Asker: 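Below you will find the structure I want to go over with you.
Proteins get letters first, then strands, A, B, ... in listed order; numbering begins at 1 in each. None of these values were measured; they are calculated from a predicted model.
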Amino acid sequence: MNNNHQFFSSQLLSWNRDSNQRTMPWKGEKDPYKIWLSEIMLQQTRVEQGRAYYEAFTSKYPTVFDLAAAPDEEVFRLWQGLGYYARCKNMLAAARSIVHDYNGIFPNDYHTITTLKGIGSYTAAAIASFAFNLPYAVLDGNVYRVLARFFGIDTPIDTTEGKKIFSETAQNLLPVNKPAVYNQAIMDFGAVVCKPQQPNCLECPLATKCIAFLTNQVNKLPLKSKKLTVKNRYFFYIVAIYNQQVLIQKRPGKDIWQNLHEFIPVESPEILPAQTILEQSREIVGTVVNGSFTLSPLFKQKLTHQTIHAQFIRLALKSRIQAPQGFQWVPLNSLDNYAFPKIILDYLQNNQLQLL
DNA sequence: AACTCGGGGGA
DNA sequence: TCCCCAGAGTT
């Protein structure tokens, strides 16, 4: 086994030195603040999707002081569309903690790094190794896949046992004298060669000792124990408009899209007529709303665990009503200042509310 | 230990 | 359609 470990690490580093063409804006970055930003943004997010956001954030907030001082709403607006919005909230909390608790200096030991909001074992290892060259092996989707295939590990990666096995294996493989280069190399290798689908096994420098390749299991590994269930949800949004203003709220509760804005929501287990939705909305609005309405087409947004169907009922009020608890009247031409979920952005793009 | 959190891209 | 992506926090 030790021979295989030695083979794995040395072949990987050789591949990285001779054949790794992958470039990214944050690669080789030594500023822990910028490394941290990139790692938060890339959690469960493809590099290509996060790239533009990284540029926007480092441009607008060059230092942790700039980010910590920024208004919440401005930051959420900049994060709009990237998803997993708790990351944004935690990122702000961490930035403010770094400024207030650590004098703006990023903590340089693994344990302290993990105490920051939104930083788990992966992100802490990434920051510790890339910024401070500390010997902590990263364990992300790439690493799970590469290790599962090369060592033929069929323990599901989404179990406690699996996490323990892969974590220990990853740490054992890490050359303690070059953690930064090695961590970057194994993730690049997983993204470029040992890809989820159609990996380049014929050009792979590890193939001669890769258990999955030798036993024809490449497309089976890594294993997961859980199967995904997706449920349908139907959101009806009352877009209540009066005098070029519209009612919105910051989405409350523990559901999806925390901290993003929305119109008056009426959720239903099935599609209902607009008239029925308007009647139900009176409980939320607290009064009988009057006016003519226009029904939008049905919009659809696929999330990991649910498919959202949304229909918008644009309601031209005859008189101004008091904003319900939690809601506010905002000018239609100021909606750009607020962060909205993708499905509402789709509606806004198609409906030109400002022309009303 | 199981759930939940977005949105996009590739086959 | 289904799976996966530089995971983390909550229940």
Side-chain angles (χ1 to χ4, degrees), chain A residues 22 24-27 29 35-54 76 79-91 93-94 113-127 129-130 136-146 148 156-164 166-167 170 180 183-192 194-199 219-231 233 251 253-260 300-308 339-346:
Chain A
R22 201 181 191 204
M24 294 170 292
W26 48 85
K27 195 165 171 177
E29 177 64 57
I35 293 169
W36 165 65
L37 273 188
S38 72
E39 297 303 341
I40 298 298
M41 291 177 177
L42 292 174
Q43 288 169 4
Q44 290 295 284
T45 303
R46 310 175 100 81
V47 165
E48 287 314 311
Q49 191 185 356
R51 188 186 295 261
Y53 288 86
Y54 175 81
F76 274 101
W79 191 278
Q80 175 179 276
L82 193 54
Y84 285 147
Y85 297 92
R87 290 184 295 170
C88 185
K89 178 184 178 184
N90 289 332
M91 177 185 71
I113 293 172
T114 58
T115 66
L116 294 169
K117 297 288 187 191
I119 297 185
S121 56
Y122 163 78
T123 303
I127 296 171
S129 62
F130 295 146
Y136 293 89
V138 292
L139 182 54
D140 74 333
N142 291 301
V143 179
Y144 275 117
R145 186 173 55 255
V146 173
I157 64 175
D158 56 349
T159 61
T160 303
E161 183 189 4
K163 286 171 187 168
K164 181 171 164 31
F166 282 92
S167 175
N183 275 340
Q184 185 64 57
I186 192 170
M187 288 194 286
D188 285 347
F189 183 80
V192 173
C194 197
K195 299 178 290 184
Q197 283 100 22
Q198 300 183 349
N219 293 321
K220 292 183 175 181
L221 298 176
L223 236 53
K224 281 191 179 176
S225 65
K226 304 181 187 69
K227 47 183 176 248
L228 190 63
T229 60
V230 181
K231 66 175 177 181
R233 298 175 70 181
R251 190 168 167 84
K254 298 175 179 177
D255 204 355
I256 55 173
W257 300 331
Q258 271 184 67
N259 294 294
L260 271 60
K300 189 161 83 174
Q301 172 74 51
K302 293 174 76 74
L303 308 181
T304 302
H305 293 278
Q306 46 192 305
T307 300
I308 308 296
F340 291 97
K342 172 72 162 55
I343 200 165
I344 292 183
L345 294 176
D346 288 346

Asker: Considering only side-chain heavy atoms of A:Lys342, which listed nucleotide, C:dA6, C:dC5, B:dG7, is closest?
Answerer: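 Closest nucleotide among those given: B:dG7.
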
Asker: To the nearest Å, give me how far apart CZ (A:Arg145) and C1' (C:dC5) are.
Answerer: 9 Å

Asker: So for A:Gln184 and C:dA6, does any side-chain atom that can act as donor or acceptor lie under 3.5 Å from a complementary atom in the base?
Answerer: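 In this structure, the two groups form a donor-acceptor pair.
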
Asker: State, without any angle test, whether A:Tyr122 and A:Glu39 hold a side-chain donor-acceptor pair at a distance under 3.5 Å.
Answerer: yes

Asker: So, does A:Trp79 get its side chain near the phosphate of B:dG6, meaning an N or O under 4.0 Å from OP1 or OP2?
Answerer: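 No.
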
Asker: If you measure from the C1' atom in B:dG6 to the same atom in C:dC5, how many Å do you get, rounded?
Answerer: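 My reading of the C1' atoms in B:dG6 and C:dC5 gives 12 Å.
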
Asker: Between atom CG in A:Asn183 and atom P in C:dA6, what is the gap in whole Å?
Answerer: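 Rounding to the nearest Å, CG of A:Asn183 and P of C:dA6 are 15 Å apart.
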
Asker: Do any N or O atoms from the side chain of A:Thr115 and from the backbone of A:Ile113 form a donor-acceptor pair under 3.5 angstrom?
Answerer: no

Asker: Any base atoms under 4.0 Å from A:Thr159, or only sugar-phosphate, or nothing? Heavy atoms, all strands.
Answerer: nothing

Asker: Within the distance-only criterion (no hydrogens, no angle test), does the side chain of A:Asp158 pair as donor or acceptor with the backbone N or O of A:Lys226 below 3.5 angstrom?
Answerer: yes

Asker: Can you tell me, in whole Å, how much space there is between the P of C:dA6 and that of B:dC3?
Answerer: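 Per the computed distance, 25 Å lies between those P atoms.
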
Asker: When you check the gap from the basic side-chain N to the acidic O, do A:Glu161 and A:Lys164 get nearer than 4.0 Å?
Answerer: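 No, A:Glu161 and A:Lys164 are not salt-bridged.
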
Asker: Can you figure out which of B:dA2, C:dA8, B:dG8 approaches the side chain of A:Thr123 most closely?
Answerer: C:dA8

Asker: Hey, which sits more toward the 5' end of DNA chain B by its nearest nucleotide, A:Arg87 or A:Ser225?
Answerer: A:Ser225

Asker: Tell me which nucleotide among B:dT4, B:dG7, C:dG7 gets nearest to the side chain of A:Leu303.
Answerer: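 Nucleotide nearest to A:Leu303's side chain: B:dG7.
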
Asker: What's the closest nucleotide to the A:Tyr122 side chain, out of C:dC5, B:dT4, C:dA6?
Answerer: C:dA6

Asker: Starting at the 5' end of DNA chain C, which residue's closest nucleotide do you reach first, A:Val47 or A:Lys254?
Answerer: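 That would be A:Val47.
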
Asker: Looking at A:Ile35, is its backbone amide N or carbonyl O close enough to the side chain of A:Ser38 to form a donor-acceptor pair, meaning the two atoms are under 3.5 Å apart?
Answerer: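 Side chain of A:Ser38 to backbone of A:Ile35, a donor-acceptor pair under 3.5 Å: yes, one is there.
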
Asker: Nearest-Å distance, CD (A:Gln258) to P (C:dG9)?
Answerer: 14 Å

Asker: Report the nucleotide, chosen from C:dA6, B:dA2, B:dG8, that has the shortest atom-to-atom distance to any side-chain atom of A:Asp140.
Answerer: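 Selected nucleotide (nearest to the side chain): C:dA6.
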
Asker: Testing the 3.5 Å rule here: is there a donor-acceptor pair between the side chains of A:Asn142 and A:Arg145?
Answerer: yes

Asker: Extract the stems that DNA chain B is part of, considering only consecutive pairing runs of at least three Watson-Crick or G-U wobble pairs, both distances under 3.5 Å.
Answerer: B:1-5 with C:7-11, B:7-11 with C:1-5

Asker: Take the protein atom CE of A:Met91 and the nucleotide atom P of B:dG6, then report the distance between them rounded to whole Å.
Answerer: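 The answer, rounded to whole Å, is 15 Å.
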
Asker: Taking only side-chain N and O atoms of A:Gln44, does any of them lie within less than 4.0 angstrom of OP1 or OP2 on C:dG7?
Answerer: yes

Asker: Report the nucleotide, chosen from C:dT11, C:dC5, C:dC4, that has the shortest atom-to-atom distance to any side-chain atom of A:Gln197.
Answerer: C:dC4

Asker: Would the distance check show the side chain of A:Arg51 and the main-chain N or O of A:Met24 forming a donor-acceptor pair, the cut-off being under 3.5 Å?
Answerer: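 Looks like no, no N/O pair under 3.5 Å.
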
Asker: The side chain of A:Gln198 is closest to which nucleotide in this list: B:dA11, C:dC5, B:dG7?
Answerer: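 Within the option list, the nearest is B:dA11.
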
Asker: Just by distance, do the side chain of A:Arg87 and the backbone of A:Met41 share a donor-acceptor pair under 3.5 Å?
Answerer: yes

Asker: Compare side-chain N and O positions of A:Tyr85 against OP1 and OP2 of B:dG7 and report whether any pair is under 4.0 Å apart.
Answerer: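 Checking A:Tyr85 against B:dG7: at least one side-chain N or O falls below 4.0 Å of OP1 or OP2.
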
Asker: Within the 4.0 Å heavy-atom criterion, would you say A:Trp26 contacts the bases, only the backbone, or no part of the nucleic acid?
Answerer: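 Base, at least one base heavy atom under 4.0 Å.
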
Asker: Given that A:Arg46 and A:Lys163 both sit by DNA chain B, which one's nearest nucleotide is further toward the 5' end?
Answerer: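 Residue closer to the 5' terminus by nearest nucleotide: A:Lys163.
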
Asker: Mind checking A:Ile119 for me? I need base, sugar-phosphate or nothing, with any heavy atom below 4.0 Å counting as a touch.
Answerer: sugar-phosphate

Asker: Side chain of A:Leu42 only, please: which of C:dT11, C:dA6, C:dC4 is the nearest?
Answerer: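 Per side-chain heavy atoms of A:Leu42, the pick is C:dA6.
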
Asker: Just to be sure I understand the rule, does A:Asp158 reach a base, reach only the sugar-phosphate, or reach nothing, if contact means heavy atoms closer than 4.0 Å?
Answerer: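 Nothing: the residue A:Asp158, judged by heavy atoms under 4.0 Å, touches no strand.
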
Asker: Quick one: A:Gln301 CD to B:dG6 C1', roughly how many Å, whole number?
Answerer: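 Those two atoms, CD and C1', are 7 Å apart.
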
Asker: Mind calculating the distance between CZ (A:Arg233) and P (B:dT4) to the nearest angstrom?
Answerer: 10 Å

Asker: Just to be sure I understand the rule, does A:Ser121 reach a base, reach only the sugar-phosphate, or reach nothing, if contact means heavy atoms closer than 4.0 Å?
Answerer: sugar-phosphate

Asker: Can you check the A:Phe340 CZ to B:dG6 C1' distance for me, whole Å?
Answerer: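 From A:Phe340 CZ to B:dG6 C1': 17 Å.
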
Asker: With no angle test and no hydrogens, is the base of B:dG6 tied to the side chain of A:Thr45 by a donor-acceptor pair under 3.5 Å?
Answerer: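 Indeed there is one.
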
Asker: Please report, rounded to the nearest Å, how far the P atom of C:dC4 is from the CD atom of A:Glu48.
Answerer: 20 Å

Asker: From the list C:dA6, B:dC5, B:dG8, which nucleotide is the closest neighbour of the side chain of A:Gln306?
Answerer: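 It is B:dC5.
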
Asker: Donor-acceptor pair, A:Gln301 side chain versus A:Pro341 backbone, under 3.5 Å?
Answerer: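 Absent.
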
Asker: Tell me what A:Gly81 touches on the nucleic acid: a base, only sugar-phosphate, or nothing, going by heavy atoms under 4.0 Å.
Answerer: sugar-phosphate

Asker: Ignoring the backbone of A:Tyr84, work out which of B:dG8, B:dG6, C:dA8 is nearest its side chain.
Answerer: B:dG6

Asker: Need one value for A:Met24: base, sugar-phosphate or nothing, where a base atom within 4.0 Å counts as base even if backbone is also close, heavy atoms only.
Answerer: base

Asker: Testing the basics here: between A:Gln80 and A:Tyr53, what is the closest heavy-atom pair and its distance to 0.1 Å?
Answerer: O-OH, 2.7 Å

